[in-house]
Amino acid sequence: MGFFDLFKKKQNTQAAAETQVQPDQVPQADGAREEQPQPERRQEELNSGLEKTKSGLFSKLARAVAGRSTIDAEVLDNLEEVLITSDVGVETTVKIIERIEARAARDKYMNAAELQSILRDEIAQLMEESHRTTEHFGLDVEEGVPYVVMVVGVNGAGKTTTIGKLAAQLTRAGLKVYIGAADTFRAAAIDQLAVWAERAGATMIRQEMGSDPASVAFDTLKSAVANKADVVLIDTAGRLHNKIGLMNELTKIRNVMAKVIPSAPQEVMLVLDGSTGQNAFEQARQFTQATQVTSLTITKLDGTAKGGVVIGISDQFRIPVRYIGIGEGIDQLKMFDRREFVRALFGEERK
Ligand code: GDP
Ligand code: GDP
Ligand code: MG
């Protein structure tokens, strides 16, 4: 089983235990007790985190179809513009438009609400397809071997924050977490990570500023193995000065880690700043060329209308989106669920 599937299961078991009624409690009338509030609460949090993207999309869509009752060439043009300006990316936009065109040939008459629901269906379908081509995230969990996640991405993408949030969620689920401060370029970066590690109740392994990142990674894995950690998160510096430099550094860190745990890193998570729109695509391109990336986290989707990047990136890169960041708080890192995501942007399916 994949590590994060295991983690999700642990979290769910824990949530169920917390909502369980005491045996001596007076039985309540049907409906008086909340039925599993978890999924609804998750959906609400996601809806509010993606509010800007959603309202942007809505108003643009409304304008695109205003005063029209059929999907003609002009509506399709407008729609294309809506998707492009919502940062879905050209390639994916073209794909979506082709699908809608094919459908429009069948169902001529269409009002705004119908168009929206068709768009919703097509995007949901597209995300379903990119999911199918990605067998799984990272490697399966091996008994007694820490699961190592190397976190990469450009400066400011949200790596350290994501590691902090993730560490907090993992420790809360009862896992022993080690963090390696392998972004050694700035002292402040190490201190920032230390604050998160302490808050999360995780152990951080560090060296002085300027030391070799690979050496920090090595120490972290040694210590994690000796102390029987469940998971290791390795922070890295994301300097994109040039691809060769980046590639060499990441390769060196990987090689050194494999000396301690042959299967490490079981996962390489690329963190992308979703609020940069098209730039996030470019970063994804650079990093996937520099190293093998097995999962994506897209941050800062709150406070931006560029949430469409998630659709385009998961379609184009065929690398599963594992998490999305919708705020700076510990709980504002959400395991990505494409159905919830599409629901947050387009509302419920129409029955
Ligand atoms: P790093 O350089 O990749 O390690 O990036 P940091 O983790 O230091 O994050 C850069 C900035 O982005 C910080 O101010 C974070 O608080 C902020 N940040 C990270 N994730 C999110 C998010 O999901 N939402 C918002 N609003 N801010 C975020
Ligand atoms: P289904 O079989 O199409 O219903 O797929 P599920 O949504 O049940 O996925 C099964 C498991 O695969 C989930 O628990 C995920 O952890 C994992 N998974 C594989 N690909 C993805 C992806 O692209 N995104 C997410 N969030 N999970 C994925
Ligand atoms: Mg950092």
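Order of listing sets the numbers, starting from 1, for every ligand and every atom in it.
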Provide the number and element of each atom of ligand 1 under 4.0 Å from a heavy atom of Ile326. 23 (O)
Say whether Leu301, considering both its backbone and side-chain N or O atoms, lies within less than 3.5 Å of an N or O atom on ligand 1. no
Below the 3.5 angstrom mark, is there an N/O of Thr160, backbone or side chain, next to an N/O of ligand 1? yes
The atoms of ligand 1 lying under 4.0 Å from a heavy atom of Gln192, numbered in the order shown, are 6 (P), 7 (O), 8 (O)
Consider only side-chain N and O atoms of Lys306 and Ser86, and report whether a donor and an acceptor are under 3.5 Å apart. no
Could you tell me whether ligand 1 has any atom less than 4.0 Å away from a heavy atom of Lys165? yes
Does the side chain of Asp219 come under 3.5 Å of the side chain of Gln207 through a donor N or O and an acceptor N or O? yes
Side-chain donor-acceptor pair under 3.5 Å between Ser295 and Glu267, yes or no? yes
Any chance the side chains of Asn47 and Gln43 put a donor and an acceptor closer than 3.5 Å? yes
Please evaluate residues Gln286 and Lys243 with respect to the criterion side-chain hydrogen bond (donor to acceptor under 3.5 Å, both in side chains), reporting the C-alpha separation (whole Å), side-chain torsions for both, the decisive distance (0.1 Å), and the verdict. CA-CA 7 Å; Gln286 297 279 349; Lys243 214 166 67 198; 5.1 Å; no
Polar contacts were defined as any N/O atom of the residue lying under 3.5 Å from an N/O atom of the ligand; does this apply to Thr299 and ligand 1? no
Would you say Gln332 touches ligand 1, if touching means a heavy atom closer than 4.0 Å? no
Among protein heavy atoms, which sits nearest to atom 7 (O) of ligand 1, and what does the distance come to when rounded to 0.1 Å? Thr161 OG1, 2.5 Å
Which one of Lys159, Glu328, Lys334 has a non-hydrogen atom at the shortest distance from atom 17 (C) of ligand 1? Glu328
Take every heavy atom of Gly303, measure it against each atom of ligand 1, and state whether any distance is under 4.0 Å. no
Considering only non-hydrogen protein atoms, determine which one is nearest to atom 24 (N) of ligand 1 and report residue, atom name and distance to 0.1 Å. Asp302 OD1, 2.9 Å
Starting from atom 11 (C) of ligand 1, find the nearest protein heavy-atom neighbour and note its residue, name and distance. Lys300 NZ, 3.9 Å
Quick one: is the NZ or CZ of Lys60 closer than 6.0 Å to the six-membered ring centre of Phe58, and within 45° of its axis? no
Go through ligand 1 atom by atom and flag the ones less than 4.0 Å from a non-hydrogen atom of Val154. 3 (O)
Considering the heavy atoms of Gly325, write down every atom of ligand 1 situated less than 4.0 Å from one of them. 23 (O)
Can a donor-acceptor pair be found between the side chains of Glu142 and Ser263 at a distance below 3.5 Å? yes
Looking just at side-chain N and O atoms, do Glu282 and Gln278 make a donor-acceptor pair shorter than 3.5 Å? no
For Tyr178 and Asn227, test the side chains for any donor-to-acceptor distance below 3.5 angstrom and give the result as yes or no. yes
Measuring from the heavy atoms of Val271, does anything fall under 4.0 Å of ligand 1? no
Taking backbone and side chain together, does Thr160 place any N/O/S atom at a distance below 2.8 Å from the Mg ion (ligand 3)? yes
Ligand 1 contact by Ala157, heavy-atom criterion under 4.0 angstrom: yes
Atom 5 (O) of ligand 1 sits nearest the protein heavy atom Gly158 N, 3.0 Å
Testing Thr220, Thr184, Asp191 for side-chain hydrogen bond (donor to acceptor under 3.5 Å, both in side chains) with Arg206, which one passes? Asp191
Checking a contact table here: which protein heavy atom is nearest atom 10 (C) of ligand 1, and how many Å away? Gly156 O, 3.7 Å
Going by distance alone, is a donor N or O of one side chain under 3.5 Å from an acceptor N or O of the other, for Asn78 and Glu74? no
Within the supplied structure, the quantity of interest is the number of heavy atoms (other residues, nucleotides, ligands) at a distance under 6.0 Å from Lys54 NZ; does it exceed 12? yes
List every atom of ligand 1 that sits less than 4.0 Å from any heavy atom of Asn155, numbering the atoms from 1 in the order shown and giving each element. 2 (O)
